[in-house]
Amino acid sequence: MDLARLWLGLLLPLVAALDFNYHHQEAMEAFLKTVAQNYSSITHLHSIGKSVKGRNLWVLVVGRSPKEHRIGTPEFKYVANMHGDETVGRELLLHLIEHLVTHDGRDPEITNLINTTRIHIMPSMNPDGFEAVQKPDCYYSEGRENYNHYDLNRNFPDAFEFNNVSRQPETEAVMKWLKTETFVLSANLHGGALVASYPFDNGVPATGTLHSRSLTPDDDVFQYLAHTYASRNPNMKKGDQCKNNMKFPNGVTNGYSWYPLLGGMQDYNYIWAQCFEITLELSCCKYPREEKLPLFWNDNKASLIEYIKQVHIGVKGQVFDHNRNPLPNVIVEVQDRTHICPYRTNRFGEYYLLLLPGSYVINVTAPGHEPHLTKVTIPENSQSSSALKKDILLPDGGHLDHVPVVSLSCPMAPLYRNLPSRSAATKPSLFFFLVTVLHLFLK
Ligand SMILES: *[C@@H]1O[C@H](CO)[C@@H](O)[C@H](O)[C@H]1NC(C)=O
Ligand SMILES: *[C@@H]1O[C@H](CO)[C@@H](O)[C@H](O)[C@H]1NC(C)=O
Ligand SMILES: *[C@@H]1O[C@H](CO)[C@@H](O)[C@H](O)[C@H]1NC(C)=O
Ligand SMILES: *[C@@H]1O[C@H](CO)[C@@H](O)[C@H](O)[C@H]1NC(C)=O
Ligand SMILES: [Zn+2]
């Protein structure tokens, strides 16, 4: 740190004055704008769209290059308050923002995180719902849904069955946002329970529904991610802290095992946006009293920071042709964990694959080329602040400039419909049905 910066550091208050009260839209905007002004070199504030009532959907980006992607720097995001009456996540994200910006250059862990990661933070996806709450309540308040009475966590396209709902402006805005960045890892902050829940939320027999669960090919990674969060939260990890008799071993669960839902955001992120997302239920009470907010911040601070770091597990790199031109839209998948909608390189030819330590075969398939297989071994250094870097050079072969342009986006239709064993579908048991009804108003 040079002398001028040190001097400035002494002048700026270390703790920017963010109190532990609930911040309504106006106060939240004022806070975000001041942060963006005070810390302009590491933040970028923008709105990804508007709610039904015309409120901005704010996102604050924190990073060394906040305005644009840098090759090799993974994109991470947190989204909170998509259910307007689940309020803890909203305030925690404001405190996380403050913590990040005030510790840059002072705390090596945070400085390193800001140096190596682009962190997108959306404190409220449903500002209309939050403002609509008349009487804060632990179990049910108006304001869960958006202004048109749609549950936003049932409003996304679904990979397993047709989701016949009118897509809401808040959902459209998020879907559009996901196309503009190569998000790698994400979490969606809710309330009403205390658990880290991982995909899938919906399913078919081919994903395990006959055994009351629905698992992705990346289940090991998802379990690890959920544990990373839950194990650092002293109450969540106990798994039974809410007075509703729900028990979650170690504070984690598969989404479908808890209860199935249609049109959720985490499944959409994983399938269509190539982004691993989990759902965090942060408080037994959906809308607790303000006096409790400091306790929630204490319980979640370490988890929130450690979870961001997980965007650096696995392997990343660029795919090039034999002339060293980066190749966009090339399929890059790990053998035996292929995605129903294959993961592809972005416009810079980059890929990011979240993997646990071990040996894997990466299968790179460019149109007009034979699949190119590369072996990688992810080492056991858990403290690393970068994924293993592995650029892949495709041998001279097909004529990449002359290959027909294939359709690049996956269809927005149910993709698992034709998977085998679908015909073996059975009706959920009565017990399962009751569990579903009882828990419909959480995630
Ligand atoms: C921004 O800087 C001003 C002047 O130093 C300070 O009073 C204020 O608390 C800061 N606010 C935030 C949110 O950083
Ligand atoms: C972070 O980046 C800054 C500016 O680029 C650099 O001066 C500093 O040494 C880096 N710190 C860490 C911990 O990586
Ligand atoms: C979708 O919902 C609309 C309005 O409820 C209904 O008219 C239409 O038939 C539905 N379509 C399908 C394919 O279920
Ligand atoms: C590699 O991926 C391509 C395209 O997804 C697929 O057709 C092929 O079977 C895969 N090859 C291997 C050896 O996994
Ligand atoms: Zn919720």
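Numbering of ligands and ligand atoms starts at 1, following listing order. Along the sequence shown, residues carry numbers from 1. Bear in mind the structure is a predicted one, so any value in this text is a computation, not a measurement.
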Donor on one side chain, acceptor on other, Gln168 and Asn148, under 3.5 Å: yes
Contact flag Glu86/the Zn ion (ligand 5), N/O/S atoms, threshold under 2.8 Å: yes
Asn254 backbone acceptor or donor facing Ser197 side chain under 3.5 Å: no
Atom 5 (O) of ligand 4 [closest protein heavy-atom partner, distance rounded to 0.1 Å]: Ile331 CG2, 4.1 Å
Atom 4 (C) of ligand 4: the protein heavy-atom neighbour that sits closest, reported with distance to 0.1 Å: Thr365 OG1, 3.5 Å
Heavy-atom protein neighbour under 4.0 angstrom from atom 2 (O) of ligand 4: yes
The Zn ion (ligand 5) reached by Leu442 (N, O or S, under 2.8 Å): yes
Heavy-atom proximity to atom 13 (C) of ligand 2, best of Leu113, Ile110, Asn112, Ile114: Asn112
Donor-acceptor under 3.5 Å (Asn202 side chain, Gly263 main chain): no
Numbering as shown, the atoms of ligand 4 that approach Gln335 to under 4.0 Å (heavy-atom distance): 12 (C), 13 (C), 14 (O)
Subset of ligand 4 atoms that lie under 4.0 Å from at least one heavy atom of Asn363: 1 (C), 2 (O), 3 (C), 8 (C), 10 (C), 11 (N), 12 (C), 14 (O)
Considering only N, O or S atoms of His83, the one closest to the Zn ion (ligand 5): ND1
Side-chain donor-acceptor pair present, Thr279, Lys443, cut-off under 3.5 Å: no
For the Zn ion (ligand 5), the closest N/O/S atom belonging to His190: ND1
Cystine candidate Cys285-Cys138, SG separation under 2.5 Å: yes
Check: Thr111 N/O within less than 3.5 Å of ligand 2 N/O: no
Candidates Asp218, Leu225, Asp219 - the one meeting side chain to side chain contact (heavy atoms under 4.5 Å, CB included) with Tyr198: Asp219
Over-ring placement of Arg90 relative to Phe130, 6.0 Å and 45° cut-offs: yes
Asn115 neighbourhood, listing ligand 2 atoms whose heavy-atom distance to it stays under 4.0 Å: 1 (C), 2 (O), 3 (C), 8 (C), 10 (C), 11 (N), 12 (C), 14 (O)
Stepwise salt bridge (charged side-chain N to carboxylate O under 4.0 Å, His left out) check, Glu172 with Arg167: CA-CA 7 Å; Glu172 297 273 12; Arg167 202 131 290 134; 5.7 Å; no
